[in-house]
Amino acid sequence: MSGKVLLFNPRSANYNHRIPNAILAISASIDNKYEFIIVDGNREKDSYEKIASYLKNGDVKYFASTVMPGPQLKQAIPISKKIREQFPEVKIIWGGYFPSNHSKTVLNSGYVDIVIRGPGDKAFPALLDAYENNAPFDSIHNIVFKMGDQIIQTAKDELYDQDTLPPLPYDKLHSFYPIKKYLGKTHLGGNTIAYHSSIGCPFTCSFCAVVPIFNARWKAKSAENVYKDIKFLKEKYGGSAIEFHDNNFFVSEKRAVEFANLMLNENMNWWGFGRIDTMYKFKDESLALLRKSGCRMIFFGAETGSDDVLKQMDKGGTQSGTQIKQFAKRMKDFDIIPEYSFVLGVPGETPEKVMAQIDKEIAFIYEIKEINPATEIIMYIYSPVPTEGSEMFNEVLKSGFRFPEKLDDWLHPEWEHFDLHKNPLTPWLTPEMVKKIRNFETVINGYYPTASDVKLSAFQRKFMHTVSSWRYKNKIFQFPYEIKALQKFWLKYRQPEIEGF
């Protein structure tokens with residue numbers, strides 16, 4: 001009899017837990033082939049106790065964990081180590097963005113056997129088959145493993161036609177954890193569905209962790225099949241709004257319009273990721289239709305107001321500082337809130353140039369807010385990703401920056417904050433620079449409280465806006481303790497760039 005598979009989703013958030021779509025996708029690949037168990041760290045008080053209760057029976061042969069950078073490592077690392085120590089016969093398999101980008105470090109840890117690099121829809125069942133039949137791994141695409149001291153990385157598959165993949169086994173997840181518990185209250189609605197309708201992105205931004213995995217490739221489900229899934233989750237489990245967690249939902253105007261037409265009578269608000277230069281080309285009637293169908297807000301990587309820095313970032317496409325401003329105005333005309341993310345603290349030739357660029361970004365953000373005050377501003381501190389060959393990553397290496405060589409080192413708080421783009425750990429950024437970025441973030445979040453925080457009342461928003469007014473208008477960012485105190489006191493003011501949207 002084939003061994004059971006335990007699929008683990010490490011804790012990633014303290015509340016408002018989303019449907020674990022990565023685990024669902026890998027579950028679909030082995031559904032009706034291998035018996036599997038799902039353990040969601042977001043829903044367990046003691047994840048290892050739950051996992052160990054299954055492993056003690058002796059019929060679980062495979063432990064497979066998805067691992068995102070940041071918080072998920074806090075469970076994935078120690079739990080994998082414990083399993084190796086207490087259940088050495090269990091094979092440990094990691095997939096997800098972190099091991100895909102740091103496979104050598106993961107495999108050298110001694111407690112992870114195999115890394116699935118990129119999509120595991122075909123690699124994972126093929127790997128289990130190889131284990132069960134004592135067959136070699138060489139012909140399995142999208143995996144990385146050790147043979148002696150050598151790291152072996154197999155060929156990458158082309159991205160799969162998403163409409164040909166098996167349906168997500170929501171009912172199986174429901175047998176372990178009630179689906180309704182995953183439909184949280186957000187600014188979009190009371191029972192928000194988290195959903196992936198595509199994978200990859202056709203661009204090569206050098207600061208994006210997706211690029212080394214998908215190499216500028218993108219594949220999407222058809223609008224009709226996305227709609228069928230949404231309809232199912234609405235009718236069976238009470239979903240009332242949607243967050244599309246695609247890396248780039250709006251690559252195709254035709255597909256976005258088809259989906260919007262299907263959603264017109266569903267009375268569901270929705271949100272997704274897009275690119276400014278792509279959606280800048282959308283027809284006016286397309287944008288109007290998106291809003292009519294329930295699209296309330298779109299997240300855009302504005303990144304910077306500098307055309308030179310956009311080029312340095314390998315942003316690609318046609319995005320420019322002028323276009324970013326023009327598009328903010330256009331979104332105002334269609335009553336769709338643009339969420340603009342900015343990456344501050346990119347490498348520069350001298351500290352003075354780095355600080356000057358930070359000041360320019362702050363001035364540019366002021367311009368955006370004047371053009372469209374409803375624009376949500378999300379700020380990240382530039383954190384390098386291993387995009388080999390990119391101009392920016394080559395500059396990073398020249399500066400002396402290095403990722404940890406030992407997997408356990410990623411458990412240090414500074415590296416968790418690094419992965420959340422909150423602690424740069426980069427040689428060119430001084431404490432003064434980081435403090436300026438953080439203080440400006442505090443002031444602008446006070447003057448313009450995010451619309452995505454459903455816990456803030458109208459009075460709290462107005463009061464925080466008033467308290468922050470003199471600082472914002474006079475550009476006084478130093479020591480904003482009174483704003484920080486309010487943000488901490490009032491329901492731990494939510495930061496969507498860390499805790500989800």
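Numbering starts at 1 and runs along the sequence shown.
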Legend entry - Pair listing, salt bridge (charged side-chain N to carboxylate O under 4.0 Å, His left out) test, anchored in residues 256-275, at least two apart: Lys231-Glu266, Lys234-Glu266, Lys254-Glu258, Arg275-Asp277

Inset, instruction - Using the test ring-ring contact (aromatic ring centres under 6.0 Å, His included), find all partners of His465 that sit at least two apart in sequence or belong to another chain. - result: Tyr447

Inset, instruction - Apply ring-ring contact (aromatic ring centres under 6.0 Å, His included) to Tyr160 and list each qualifying residue two or more places apart in sequence or on a separate chain. - result: none

List for me each residue that meets side-chain hydrogen bond (donor to acceptor under 3.5 Å, both in side chains) alongside [X], sequence neighbours excluded, and say none if there are none.
X: Asp229; answer: Tyr195, Lys221
X: Ser100; answer: none
X: Arg43; answer: none
X: His141; answer: Asp157

Inset, instruction - For Thr442 and Arg471, test the side chains for any donor-to-acceptor distance below 3.5 angstrom and give the result as yes or no. - result: no

Legend entry - Exercise: do Gln319 and Tyr280 side chains pair donor with acceptor under 3.5 Å: no

Could I get the full list of salt bridge (charged side-chain N to carboxylate O under 4.0 Å, His left out) partners for [X], not counting sequence neighbours?
X: Lys172; answer: Asp31
X: Lys228; answer: Glu224
X: Lys325; answer: Glu367
X: Lys436; answer: Asp359

Legend entry - Lys369 NZ: over 12 foreign heavy atoms closer than 6.0 Å: yes

Legend entry - Other residues, nucleotides, ligands: >12 heavy atoms within 6.0 Å of Lys156 NZ: yes

Inset, instruction - Measure the acute angle between the ring planes of Trp271 and Phe299, then classify it against the limits of 30° and 60° as parallel, tilted or perpendicular. - result: perpendicular

Inset, instruction - May I ask you to decide if the ring planes of Tyr366 and Tyr472 are parallel, tilted or perpendicular, using 30° and 60° as cut-offs? - result: parallel

Are [X] and [Y] close enough that their ring centres sit under 6.0 Å apart?
X: Phe249; Y: Phe273; value: no
X: Phe334; Y: Phe282; value: no
X: Trp410; Y: His102; value: yes

Identify every side-chain donor-acceptor pair in residues 300-307 under 3.5 Å, counting partners at least two apart or on other chains, and give the distances.
from   : atom 1 : to     : atom 2 : distance (Å)
Glu303 : OE2    : Lys315 : NZ     : 2.9
Thr304 : OG1    : Ser306 : N      : 3.0
Thr304 : OG1    : Glu361 : OE1    : 3.3
Thr304 : OG1    : Glu361 : OE2    : 2.4
Ser306 : OG     : Asp308 : N      : 3.3
Ser306 : OG     : Val309 : N      : 3.1
Asp307 : OD1    : Gly321 : N      : 2.8

